[in-house]
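All residue numbers refer to positions in the sequence shown, counting from 1. The structure displayed is predicted, hence computed values, not measured ones.
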Amino acid sequence: MCSIMGCCDEAVREEDFEEGFRETVSRGPDDSRVIDTGRGRLGFHRLAIMGLTPEGMQPFELDGSYVVCNGEIYGYEKLKEALSVKYTFHSGSDCEILLPMWKEYGTAMFPMLDAEFALILYDGKTGEYIAARDPIGIRPLYYGKSREGSLIFASEPKNLTGLCAKIRPFPPGHYYRGGRFIPYTDIAHVGSVCYDDLETVCQKIREKLIAGVEKRLVADAKVGFLLSGGLDSSLVCAIAAKKSEKPIRTFAIGMAGDAIDLKYARRVAEYIGSEHTEVIMTREEVLDSLRDVIHLLGTYDITTIRASMGMYLLCKWIHEHTDIRVLLTGEISDELFGYKYTDFAPTPEEFQKESEKRVRELHMYDVLRADRCISVNSLEARVPFGDLDFVRYVLSVDPAKKMNVYGKGKYLLRKAFCGDYLPEEILWREKAAFSDAVGHSMVDYLKEYAAGCYSDAEYEEKRQKYAYATPFTKESLLYREIFEEYYPGQAEMIVGFWMPNRSWPGCDVSDPSARVLSNYGASGK
């Protein structure tokens, strides 16, 4: 990961800008630079992944224009080759192609990018600032107005809390220009439904996911893999193992006493021949890390915080004990193929509507979690299930085929990889939610700790202070109060609590864990 920040005029003091920018130096500890464009400032903290030489340091400059980008542009070599007829390149960085593309295509460049990115660009010819974000929002970007009235963009809300009264997430699939946010891609919109037969659907799912993993293995820095033992991360690891010339490195974490998934992760690692590491976490580590995790996340959402505890501690261990710089993860599968609660979807149309909604909100939940837990530990996240071609295809598939009418969730994905990718007991097992899979005790410890922080009367009194996203359990109140310490008045950065669709029969529950659903069954055993 890297960190970017841009102020669109000179009104904000340089020292205030730099103080805010220092909040995310862990995203890019290799080098830092802030430049004055003549009409504002651009800042860049570098984590070198592609083009490791000093020439790959940003901001890049071309004819008085500048750009900073936190991103990975897949297949950039072909774009670079075409542009080389007219432009000279000085580094191996994928992001160096952005200014030449801007010169050639303007805002039409954004739909051309097969990328996870957030960028801020200053056009030296027009004197204007342009910002843009990838269609899913895998790379973070936020914005706000300073007390001086300056528009500021930054990778995280941490950069802006001392500068802006109101902070908002930059909408994915949009670019900003001339005072407006303009959509260039709505990744969740399905123009026409795909009615491929079952075998064709599974073949395309397999081919497109393999391609998504393969392109994310390309890096000049070392690559590792988070392996929970569930279907999604196991498939990513299995594909990577087949595509790699030497054993890949996999990492798993669990609670000391009841880590549900460690045994399954170990089984996968043995099957694919990876160099595997298990990390054990304790109750004390979980509780001691809680405030730090909420601070780094910038959320009060229960599901996101629970699921971040293990991921944060695992990434912290990887940062402290290895020289790995890039981690592949299994996020974004649930939004496409279904959660446990989408088994209750009353119609295919409702299933599809829910899937599209979850994809549009990913940048506030699972994608946010993966980004912050990994980047705060000076690592880069890559998400193969977020490959744009893969996402577009799966979203377009006839939702009647994606619903659980097979007696097994995520049937299409499982069937797509029948063969020698994974052991049968892994390919077809029902998985627990990540926050539960690291050990049911972890969630129980968090609930118990929160219960001890408030009497019933205190809970009722304090939760009523929050009209927006009102806390509904002692656990959610604790998280909200810690959030407000670090991000006062910024609750609207998140649309609310991630919860199953309560309008569906069987989903009107008071806890986001799949454990409370009637169909949880053998999940997590």
Side-chain angles (χ1 to χ4, degrees), residues 2 4-6 8 28 30-31 33-44 46-135 138-139 141 153 170 173-178 180-185 211 214-216 218-221 380 382 387-389:
C2 299
I4 61 175
M5 187 167 172
C8 299
D30 295 339
D31 199 0
R33 185 180 299 165
V34 174
I35 64 158
D36 189 334
T37 66
R39 295 196 180 187
R41 292 182 181 84
L42 290 175
F44 185 73
R46 185 187 191 194
L47 180 69
I49 301 296
M50 299 294 294
L52 305 183
T53 64
E55 288 77 16
M57 181 60 185
Q58 302 183 36
F60 288 117
E61 187 270 340
L62 179 64
D63 299 332
S65 296
Y66 300 89
V67 69
V68 288
C69 179
N70 170 26
E72 291 296 334
I73 302 169
Y74 302 110
Y76 76 95
E77 296 89 351
K78 289 185 179 179
L79 293 168
K80 185 175 181 177
E81 182 180 355
L83 292 163
S84 294
V85 175
K86 193 172 178 180
Y87 299 91
T88 301
F89 294 91
H90 304 282
S91 78
S93 171
D94 50 327
C95 293
E96 194 182 358
I97 69 170
L98 293 170
L99 284 175
M101 288 189 73
W102 175 253
K103 296 282 187 182
E104 293 297 308
Y105 308 111
T107 56
M109 69 183 277
F110 299 126
M112 298 169 62
L113 297 175
D114 179 10
E116 303 153 0
F117 75 93
L119 68 78
I120 311 164
L121 187 151
Y122 172 71
D123 189 315
K125 185 177 180 180
T126 64
E128 64 180 333
Y129 281 86
I130 296 91
R133 192 178 185 189
D134 69 71
I138 291 175
R139 295 302 167 93
L141 194 63
F153 300 104
F170 193 104
H174 286 66
Y175 65 86
Y176 172 90
R177 189 179 195 184
R180 294 192 303 140
F181 291 94
I182 301 167
Y184 69 86
T185 296
E214 196 166 12
K215 70 177 70 169
R216 284 162 179 80
V218 179
D220 295 330
E380 173 172 297
R382 293 188 180 178
D387 185 77
L388 299 182
D389 184 49

Problem - Pairing of Arg382 and Glu116 as salt bridge, 4.0 angstrom limit - result: no
Practice task
Measure from NZ or CZ of Arg216 to the centre of the six-membered ring of Tyr74, then state whether that distance is under 6.0 Å and the direction lies within 45° of the axis.
Solution key: yes
Exercise for the section: Start with the C-alpha distance between Tyr76 and Ser93, add both sets of side-chain angles, then the distance that settles side-chain hydrogen bond (donor to acceptor under 3.5 Å, both in side chains), and finish with yes or no. Expected result: CA-CA 9 Å; Tyr76 76 95; Ser93 171; over 6 Å; no
Practice task
Might you work through the side-chain hydrogen bond (donor to acceptor under 3.5 Å, both in side chains) test for Glu104 and Tyr87, ending with a clear yes or no?
Solution key: CA-CA 11 Å; Glu104 293 297 308; Tyr87 299 91; 2.7 Å; yes
Exercise for the section: Indicate yes or no for a side-chain donor-acceptor contact from Arg133 to the backbone of Phe170 under 3.5 Å, with no hydrogens or angles considered. Expected result: yes
Handout entry: Between CG on residue Leu98 and CZ on residue Phe110, distance to nearest 0.5 Å
Key = 8.5 Å
Handout entry: Nearest atoms (heavy-atom pairs only) where Ala48 meets Asp30
Key = N-OD2, 2.8 Å
Handout entry: Spacing of Ser65 atom OG and Tyr122 atom OH [to the nearest 0.5 Å]
Key = 8.0 Å
Fill in the blank from the handout: In terms of heavy-atom contacts, Cys69 and Phe44 come closest through O-CE1, 3.5 Å
Exercise for the section: Keeping the roles fixed (side chain from Asp134, backbone from Ile138), state whether a donor-acceptor pair exists under 3.5 Å. Expected result: yes
Handout entry: Euclidean distance, Tyr129 OH relative to Phe153 CZ, rounded to 0.5 Å
Key = 10.5 Å
Completion exercise
d(Lys80 NZ, Ile73 CD1) to nearest 0.5 Å is 11.0 Å
Problem - Under the side-chain contact (heavy atoms from CB on, under 4.5 Å) test, residues paired with Pro111 that sit two or more places apart - result: Tyr184, Thr185
Completion exercise
The reported gap from OG1 in Thr126 to CZ in Arg39 (rounded to nearest 0.5 angstrom) is 8.0 Å
Handout entry: Side-chain (Glu81) to main-chain (Ser84) donor-acceptor, under 3.5 angstrom
Key = no
Handout entry: Sub-4.5 Å side-chain heavy-atom contact between Glu72 and Phe117
Key = no
Exercise for the section: Report yes or no: does Asn70 contribute a side-chain atom to a donor-acceptor pair with the main-chain N or O of Ile4 at less than 3.5 Å? Expected result: no
Practice task
Could you tell me whether Lys215 and Asp114 make a salt bridge, using a distance below 4.0 angstrom between a side-chain N and a carboxylate O?
Solution key: yes
Practice task
Measure the spacing between SG of Cys2 and CZ of Arg46 and express it to the nearest 0.5 Å.
Solution key: 7.5 Å
Practice task
Could you tell me whether a side-chain N or O of Glu128 sits under 3.5 Å from a main-chain N or O of Arg177, the two making a donor and an acceptor?
Solution key: no
